[in-house]
Amino acid sequence: MDVAWTMHTGFGSWNPALWLAALLIALVVALAIRALGRKDYRKNSAQTKPFISGNEEPAHGGGHIPASNLYWGFLESMKAYYERLVPLHTGMLGDYLVWFLGVLAAVLVIGLVI
Amino acid sequence: MTISSIAQHLPALLIAVPLLTAFLTPLIGGVNRTLRMLWVALGISATSAIGLALAWKVFTTGTVLYVFGAAAVGQVLPMDSGGIPIRIIFEVDAFSALMIVIASISAFAITMYSLVSESECSGQDGFYALLFLLVVGIMGMVATGDLFNFFVFLEISSLAGAALVAYRVDKGVAVEAGLKYALLSTLGALCVLIAIGLLFAQYNALNLATLASRLQFTTLDKIALALLIVPLAMKCGAVPMHFWTPDTYATAPSSITALLVVSSQASLYGLFRVLFSLYGHLVQFNYATFGWFVIILGVLSMFVGVTMAIPQKDVKRLMAYHAVSQTGYMLLGVGVGLAVLGNRSALNAYGLTAMAGGIFHIINHAMYKGLLFLTAGAIFYRTGTRNLNKLGGLGHTMPWTMVFFMIGALAIAGIPPFNGFASKLMIYESVFRFSPFLSIVAMVVSILTLASFVKVFHSIFMGPRREEFAAAREVPAAMIFGMALLAVVVMLFGLFPQTFIDGMITPAVTALVDRGAYISAILGGH
């Protein structure tokens with residue numbers, strides 16, 4: 001492959017052209033598998049409707065899951081972490097100044113000690 | 001003025017052209033609205049062309065020096081100056097040139113985008129004047145070789161940035177964010193000024209190279225070091241001094257937010273310049289301690305930034321936390337290089353690659369984060385909201401914005417073959433040699449970044465059309481052009497990474513590490 005495409009990291013190499021070629025091959029294989037599917041599929045029939053355990057499909061607009069509902073499990077499992085982290089972000093300018101001056105003081109002390 | 005004359009004065013024009021554009025914009029705007037748009041487009045085109053031409057000159061011929069007010073632009077040391085470069089000198093080496101490339105591309109794309117995105121808003125004369133002043137500040141910070149001059153440009157960028165953040169008022173919310181940014185920036189700049197005073201009092205010089213050649217690492221030098229690096233770390237949004245970032249980035253107009261990212265990176269440039277070119281290679285300088293200081297800031301920024309991003313409901317606030325997180329990668333990569341700066345074998349084995357990864361990530365981040373903020377601006381332009389809980393289904397009506405968002409999101413998450421992957425791969429592999437744990441943290445942060453942007457993509461673009469956004473349609477062509485330009489750069493850097501590494505990144509790393517060359521360019525081998 002052309003050297004312009006290959007990146008050398010010092011520990012190995014990375015070639016985006018090979019990656020794109022692999023993606024292309026995967027796409028061709030996927031399309032080939034799709035072409036092997038059943039030919040008696042009928043559009044605009046009951047075959048196209050989603051099966052939600054026998055329930056009616058919700059009206060359009062009500063079917064979108066809002067952002068707050070995503071990653072609920074992740075946030076719940078990290079609750080102890082977030083309960084400590086989020087309150088630090090008070091939005092108060094005074095707190096921002098305290099953090100800045102605190103880090104400055106710490107670096108001054110470290111810098112003078114070493 | 002001939003071409004060769006222009007080429008000779010590129011560093012001065014880099015500041016003069018946007019400065020002139022800034023101050024004439026209100027006058028021209030008073031004549032005619034269309035004329036103002038043309039003037040702004042012309043001004044930013046000229047500024048970017050000058051920036052790219054200067055960078056090209058540096059990458060092809062080496063460091064460019066420019067002495068203001070001297071009989072000849074290269075007359076660094078006047079006969080009667082006692083060996084001190086007394087005038088303001090721009091010293092544009094490969095690292096500076098890389099930053100100028102970032103600022104030139106970003107500023108051009110952002111300004112073209114702004115011509116439409118801000119077209120319905122009032123006060124455009126002031127808006128563009130401040131935008132060009134922000135560009136002046138950024139360009140000056142990364143081009144100057146004078147520490148006091150750096151402070152002046154830092155102040156220009158901070159004040160122009162704060163004014164732009166507060167420009168749209170937004171029921172006081174934007175004004176509050178602008179005030180926070182202004183106050184913290186002013187306090188930081190005051191610290192920088194005190195540090196400059198401490199150095200000037202001891203060494204009778206303001207020129208960076210002269211100071212670097214004379215530093216003794218006295219107690220006052222140590223205090224000056226702390227007073228320089230902490231404010232600059234705060235300005236680039238490093239945790240735990242990042243709190244201003246989400247407030248400011250979320251409320252500023254999106255095009256300005258994208259430019260504030262570049263402004264923050266100019267502070268990052270200043271941080272690295274101080275650590276490497278000013279203090280690096282001093283016998284008494286403890287590389288490991290300060291390297292680990294930068295690394296710890298980086299790891300904290302990566303992890304806190306991404307974990308704070310995940311629960312956000314405001315798309316720009318979410319992206320702001322990701323900006324903090326991505327800055328962490330740059331700090332990690334360059335921090336590892338600093339930590340092993342005194343160990344030649346470790347530096348050659350993995351330190352330089354880590355630095356290259358970190359510095360490559362600066363330009364990559366500027367491109368994809370700029371792109372992402374512009375897509376957020378496009379969404380707000382059409383829907384009037386940044387709330388992810390209210391958005392949805394826009395993929396039906398805003399396909400171009402969706403494609404650009406996908407490119408930016410995949411790049412920031414480090415998905416191949418986009419540019420974020422190339423720089424992150426360099427960081428992962430080299431940092432692994434230094435500390436496998438840090439490398440694993442970096443990879444976990446990338447996974448969380450992808451998860452976060454999957455949420456944003458789903459919330460904004462997926463799902464059925466929503467009635468409240470029935471009138472939403474694709475944004476105008478100029479806004480698409482701004483986003484497309486950055487998207488193309490993101491893809492080019494991802495598809496041909498080695499070309500850019502060889503041409504820009506490796507020379508930038510060499511310039512940063514080679515303190516002797518930085519000094520001798522001014523003092524001629526002293």
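We use all heavy atoms of the structure for the numbers below, so side chains are in, but hydrogens, waters and symmetry mates are not. Letters go in sequence order (proteins before strands), and every chain restarts at 1.
- If you measure heavy-atom distances from Phe421(B) to chain A, the contacts under 4.5 Å come from the side chain alone.
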(request) Check the pair Leu225(B), Val107(A) against side-chain contact (heavy atoms from CB on, under 4.5 Å), reporting the backbone distance first and the verdict last. (result) CA-CA 9 Å; Leu225(B) 175 62; Val107(A) 174; over 6 Å; no
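- Ile110(A) is not listed as a side-chain neighbour of Phe293(B), based on a closest heavy-atom distance of 4.5 Å or more.
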(request) Begin with the C-alpha distance, continue with both residues' side-chain angles, and end with the deciding distance and a verdict on side-chain contact (heavy atoms from CB on, under 4.5 Å) for Leu183(B) and Leu97(A). (result) CA-CA 9 Å; Leu183(B) 207 143; Leu97(A) 292 173; 3.9 Å; yes
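- Both the backbone and the side chain of Leu495(B) come within less than 4.5 Å of a heavy atom of chain A.
- Neither the backbone nor the side chain of Val456(B) comes within less than 4.5 Å of any heavy atom in chain A.
- Heavy-atom contacts from other residues, nucleotides or ligands closer than 6.0 Å to CE of Met78(A) number more than 12.
- Both the backbone and the side chain of Thr219(B) come within contact range of chain A, with heavy atoms under 4.5 Å apart.
- What you find for Pro16(A) and Pro417(B) is that their closest heavy atoms are CB-CB, 4.0 Å.
- At a 4.5 Å heavy-atom cutoff, the contact between Asn389(B) and chain A is made by backbone and side-chain atoms alike.
- Here Ser430(B) is the residue among Ala177(B), Ser452(B), Gly393(B), Ser430(B) with the most heavy-atom pairs under 4.5 Å with chain A.
- For Leu227(B), the parts lying under 4.5 angstrom from a heavy atom of chain A are both the backbone and the side chain.
- Of all the heavy atoms in Met241(B) and Trp99(A), the pair that sits closest is CG-O, 4.4 Å.
- Among all heavy-atom pairs drawn from Lys313(B) and Ser68(A), the shortest one is CE-OG, 3.0 Å.
- Across every non-hydrogen atom of Cys191(B) and Leu104(A), the tightest pair is SG-CD2, 4.0 Å.
- No more than 12 heavy-atom neighbours from other residues, nucleotides or ligands sit within 6.0 angstrom of CZ on Phe432(B).
- Ring geometry for Tyr96(A) versus Phe243(B): interplanar angle under 30°, hence parallel rather than tilted (30 to 60°).
- Put simply, the side chain of Tyr350(B) never gets that close to the backbone of Phe11(A): no donor and acceptor are under 3.5 Å apart.
- If you measure heavy-atom distances from Ile223(B) to chain A, the contacts under 4.5 Å come from both the backbone and the side chain.
- Heavy-atom distances place both the backbone and the side chain of Leu112(A) under 4.5 Å from chain B.
- Heavy-atom distances place the backbone of Ala349(B), and not its side chain, under 4.5 Å from chain A.
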(message) If you apply the rule ring pair (Phe, Tyr, Trp, His ring centres under 6.0 Å), what do you find for His89(A) with Tyr321(B), and how did you get there?
(response) CA-CA 12 Å; His89(A) 297 76; Tyr321(B) 277 113; 5.7 Å; yes
(request) For side-chain contact (heavy atoms from CB on, under 4.5 Å), just list the numbers for Ile501(B) and Met7(A), CA-CA rounded to whole Å, side-chain angles, deciding distance to a tenth of an Å, and then say yes or no. (result) CA-CA 8 Å; Ile501(B) 289 169; Met7(A) 182 181 94; 3.7 Å; yes
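- Of the two parts of Leu448(B), only the side chain, counted from C-beta on, holds a non-hydrogen atom closer than 4.5 Å to a non-hydrogen atom of chain A.
- Residues Thr9(A) and Thr353(B) come closest through the heavy atom pair O-CG2, 3.1 Å.
- Pro416(B) approaches Trp19(A) most closely through the heavy-atom pair O-NE1, 3.3 Å.
- Contact tally against chain A (heavy-atom pairs below 4.5 Å) for Ala356(B), Ala233(B), Pro231(B): the top residue is Pro231(B).
- Heavy-atom distances place the side chain of Glu176(B), and not its backbone, under 4.5 Å from chain A.
- Proximity to chain A is absent for every atom of Pro246(B), based on heavy atoms less than 4.5 angstrom apart.
- A distance of 11.0 Å separates CG of Asn15(A) from CD of Gln498(B), quoted to the nearest 0.5 Å.
- For Lys180(B), the parts sitting under 4.5 Å from any heavy atom of chain A are the backbone and the side chain alike.
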